[in-house]
Every structure is written in C-alpha cells, then in structure tokens.
Amino acid sequence: MLTERQKNMLRAIPKAENHIHIEGSIPWDLALKLAEKNHVELPVHTVDEIAKWSRKLITEKGLDGFMICDRTLNSVCLHEEDYEAAVLALAKDDHDQNIIYQELHLDYPLNEERGIPIEVVMEGYRSAQKKAKKLYGVEIVYIAGLDRTLSSERCFSFVKSLRPYLDMIAGLGMDCEENGHPCIKHLESYKEAKDMGLFLTAHAGEDGKADNIWDALLKLGVQRIDHGCQAAYHPDLIEYLKEHDILCAMCPSGNVYSGAAPSFEEHPLLALLRSGVPVSISSDDPPYTYSMTDELILDAEKMGLSEDEMIKIIRNGFEYSISGSHLLPQFDSWVKEWKKGGQNE
C-alpha cells in the first residue's frame with residue numbers, strides 16, 4: 001500500500017502525458033452540454049447513464065466498445081468552438097493535476113466521417129493550444145491519429161491534408177481497432193509523414209499480435225510504441241526496445257478494462273519496466289478510465305511499484321516526449337526537493 005506521503009507525491013509531482021485521445025476524453029458533462037447546444041441526440045442523458053452505458057459496452061466488446069463510446073460522444077462536436085472547448089476542458093484539468101506537458105492524439109477521421117471540414121476541427125484545436133498555455137500553463141502537443149480501420153488511400157489523403165497545420169501538429173499516430181488492421185496497411189502514410197518531419201508513433205500490440213509491433217518498428221519506422229502490451233511476452237522484442245531505447249506509452253487501466261492485459265498485478269508494464277524498457281503511464285481516455293493522477297496512484301498500489309520506479313516512469317514522460325525534454329530540469333529540481341524533505345508536508 002502507498003503511504004499518504006507517496007500519494008501526495010503523485011498528486012503534486014510535475015507530470016507529462018504521452019498518450020491521451022481528445023475525442024475519447026471529452027468530459028461527460030461537457031458532452032451533454034454540447035449535445036443540447038447542437039441538438040445532437042445521444043443514447044444517454046446524464047453522466048451516470050453515460051458511465052453505466054460505457055461500462056457495459058467496454059466490458060462486452062473490449063477495445064471495440066471503447067471506439068463505439070468515442071464515436072458516439074464525439075458526435076456532439078460540430079463547430080470550431082466545440083473542439084476548442086473540449087481541449088480547454090482537458091487543459092483546465094491538467095492544471096489541477098500539475099500536468100505541465102501533454103501530447104494529445106487528435107483523430108480527425110472520426111469527425112470527417114460526419115462531414116466536419118478539417119479546418120473547423122484544426123482551428124478549434126489550434127486556438128485551444130494557444131489558450132491552454134496562456135490560461136493554464138499547459139504545453140500541448142498534437143499527434144494526428146490515423147483510423148487504421150479506414151482504407152490506406154483515405155489515410156494517405158488525411159496525412160497529405162496535414163501540411164497546412166505543421167505549425168501545430170508534431171506527430172503522426174495510428175489507433176482504433178487493431179485486430180484485422182495491421183500497421184503495414186498504412187506504410188505509405190508513414191513515409192509521407194516522415195518526409196513532412198513528423199514524429200512517428202503507432203498503437204501496436206494492444207489487443208493485436210506482436211507482429212504489429214515489429215511492423216511498426218521495422219517497416220513504419222516509429223520512434224515510439226503506444227501500448228505495446230504484447231512485447232512483454234516476446235524476449236526478442238524486449239531486447240530490441242531496450243537496445244534502441246524505444247518508449248512504450250502505456251495506459252494500464254484502459255488495457256485491463258478492454259482485456260488487453262489480464263490484470264493490474266500481471267500488467268505487461270511490470271515485465272517491460274523491470275527488463276529495462278522505457279515505459280510511461282498515461283490516462284488514454286480518462287472519462288472511461290481514471291485521471292492521470294488517479295491512474296498513477298492506482299497503478300503504483302496495484303502493481304507494487306516503488307517510489308523510485310514511479311518517479312522514473314513519470315520522468316520518462318518528459319525524457320521520451322516529442323518536445324517536452326526542456327522541462328526535465330524543472331522536474332528534476334522538484335524531485336530533488338522532494339527527496340530532501342521539502343515537499344513532504
């Protein structure tokens with residue numbers, strides 16, 4: 001069990017988050033307000049109803065259930081100010097948790113399929129990115145997410161459409177349902193993104209096979225793996241990730257709830273961490289899982305992580321981030337003061 005001192009540390013420590021989806025993290029109270037404003041009919045009408053509905057879907061369908069929830073609640077966003085509001089709500093919550101750097105996956109294809117022009121979404125997110133820093137002191141970096149279930153041609157077109165937004169988008173990722181949709185399907189999109197100078201990452205080995213991780217690493221040339229649960233069961237993959245110093249940006253609660261991990265106590269993060277693979281912890285889709293702070297506390301307790309292991313995991317979020325390493329001196333200074341006892345009370 002964590003001591004109260006350790007819980008206080010996890011609440012107060014400066015944090016970086018590498019793996020959270022905007023469309024999957026719209027606060028439920030905001031989603032209901034936007035649904036009313038935009039006259040969007042949802043299958044649920046209160047926060048409690050959303051909680052029960054989403055829990056049932058995720059329990060029954062795993063990752064596919066997550067995606068049904070994401071697509072349903074994201075449908076409330078129609079206008080530029082809606083997209084801005086979603087990110088600013090996250091930034092406000094970041095400030096309350098001392099998350100000072102956050103990499104947000106933006107999944108425009110979930111909006112494109114509803115006929116929302118890309119400029120509406122991007123300009124809303126651009127405005128929020130600037131306001132988040134000014135209002136809440138949160139540095140937000142965007143990763144454009146491919147919906148891997150779409151055709152390779154459509155995803156390639158999406159990547160090309162990002163060129164006018166390279167001032168605000170720093171990376172390319174790949175998400176949505178993994179089974180039946182291998183990484184290699186979108187090789188041309190990743191080649192294009194590399195030519196554009198984008199940081200490359202991909203969801204791989206979440207509920208799919210380890211082959212997806214190898215394809216992401218060796219064929220797509222990714223610099224990070226999102227989730228990567230299956231790597232823990234393959235010594236050759238562990239050695240590769242360790243040798244090449246590649247981060248697995250993991251989301252334990254989401255993995256347990258979707259069935260990608262058997263339990264917190266047996267979560268693949270433990271094997272990867274203690275084998276020397278860099279790992280970080282993020283909330284993924286916090287309305288369905290936990291806030292970043294609660295995630296850290298829960299994971300530390302359930303997995304039996306030591307204080308030093310937690311500090312290392314949180315530090316990795318900065319060290320292996322796209323552009324947040326300049327915040328490491330601030331983080332290290334905080335930890336030094338904590339260890340001296342200056343932050344204990």
Side-chain angles (χ1 to χ4, degrees), residues 1-20 25 90-103 136-139 226-229 232 242 247-257 260-321 324-345:
M1 290 292 292
L2 294 182
T3 65
E4 197 58 38
R5 174 187 177 276
Q6 290 169 328
K7 290 180 183 178
N8 287 338
M9 180 198 76
L10 294 176
R11 293 183 185 111
I13 194 169
K15 303 171 187 70
E17 191 163 21
N18 310 122
H19 186 161
I20 175 172
S25 302
L90 295 177
K92 183 179 184 300
D93 190 55
D94 293 342
H95 178 266
D96 295 341
Q97 298 183 73
N98 205 19
I99 299 171
I100 60 175
Y101 176 88
Q102 190 173 59
E103 294 171 352
Y136 302 113
V138 182
E139 185 174 332
D226 291 311
H227 296 297
C229 295
K242 185 168 73 170
L247 179 81
C248 287
M250 308 193 84
C251 308
S253 289
N255 299 148
V256 173
Y257 297 154
S263 67
F264 287 97
E265 292 79 6
E266 299 176 87
H267 195 281
L269 179 145
L270 286 166
L272 295 174
L273 172 70
R274 291 170 182 171
S275 297
V277 175
V279 298
S280 66
I281 286 176
S282 297
S283 62
D284 203 1
D285 300 276
Y288 309 101
T289 53
Y290 294 91
S291 69
M292 177 69 160
T293 298
D294 288 343
E295 177 78 36
L296 292 170
I297 291 172
L298 179 67
D299 295 345
E301 287 192 316
K302 293 279 191 179
M303 297 183 194
L305 296 166
S306 70
E307 184 174 311
D308 283 344
E309 284 177 324
M310 289 305 298
I311 290 172
K312 176 62 176 173
I313 288 168
I314 297 167
R315 192 181 193 278
N316 285 345
F318 292 101
E319 183 177 354
Y320 294 88
S321 66
S325 60
H326 69 282
L327 295 166
L328 279 171
Q330 178 181 341
F331 176 86
D332 291 339
S333 176
W334 190 97
V335 171
K336 183 178 179 180
E337 288 301 311
W338 174 267
K339 288 185 174 290
K340 282 183 2 184
Q343 301 275 352
N344 287 358
E345 297 301 320

message: With side-chain contact (heavy atoms from CB on, under 4.5 Å) as the criterion, how do Met292 and Ile20 come out once you've worked through the C-alpha distance, each side chain's angles and the decisive distance to 0.1 Å?
response: CA-CA 10 Å; Met292 177 69 160; Ile20 175 172; over 6 Å; no

Between [atom1] of [X] and [atom2] of [Y], what distance do you get to the nearest 0.5 Å?
X: Leu296; Y: Lys7; atom1: CG; atom2: NZ; result: 13.5 Å
X: Leu2; Y: Ser306; atom1: CG; atom2: OG; result: 10.5 Å
X: Ser321; Y: Leu247; atom1: OG; atom2: CG; result: 9.5 Å
X: Glu265; Y: Leu270; atom1: CD; atom2: CG; result: 9.0 Å
X: Tyr290; Y: Asp284; atom1: OH; atom2: CG; result: 14.0 Å
X: Asp93; Y: Tyr136; atom1: CG; atom2: OH; result: 10.5 Å

With a 3.5 Å distance limit and no angle check, can you tell me whether [X] reaches the backbone of [Y] through a side-chain donor-acceptor pair?
X: Lys15; Y: Asp94; result: no
X: Thr289; Y: Asp285; result: yes
X: Gln6; Y: Thr3; result: yes
X: Asn316; Y: Val279; result: yes
X: Glu295; Y: Ser283; result: no
X: Asn18; Y: Gly317; result: yes
X: Ser282; Y: Glu17; result: no

Heavy-atom pair of closest approach, residues [X] and [Y]:
X: Asn8; Y: Trp338; result: C-CH2, 4.3 Å
X: Leu298; Y: Ser253; result: CD2-OG, 3.8 Å
X: Ala91; Y: Val138; result: O-CG2, 3.7 Å
X: Met310; Y: Leu305; result: SD-CD1, 3.3 Å
X: Leu10; Y: Ala300; result: CD1-CB, 4.3 Å
X: His267; Y: Pro252; result: NE2-CA, 3.3 Å

With a 4.5 Å cut-off on side-chain heavy atoms, are [Y] and [X] touching?
X: Ser25; Y: Tyr288; result: no
X: Phe318; Y: Ile100; result: yes
X: Met303; Y: Leu273; result: no
X: Leu269; Y: Ile313; result: yes
X: Phe331; Y: Ile314; result: yes
X: Met9; Y: Val335; result: no
X: Ser280; Y: Tyr320; result: no
X: Lys242; Y: Ser275; result: no

Is it true that [X] and [Y] make a salt bridge, defined as a side-chain N closer than 4.0 Å to a carboxylate O?
X: Asp332; Y: Arg315; value: yes
X: Asp308; Y: Lys339; value: yes
X: Glu337; Y: Lys340; value: yes

query: Would one find more than 12 heavy atoms of other residues, nucleotides or ligands at under 6.0 Å from atom NZ of Lys302?
result: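 Incorrect, the count does not exceed 12.
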
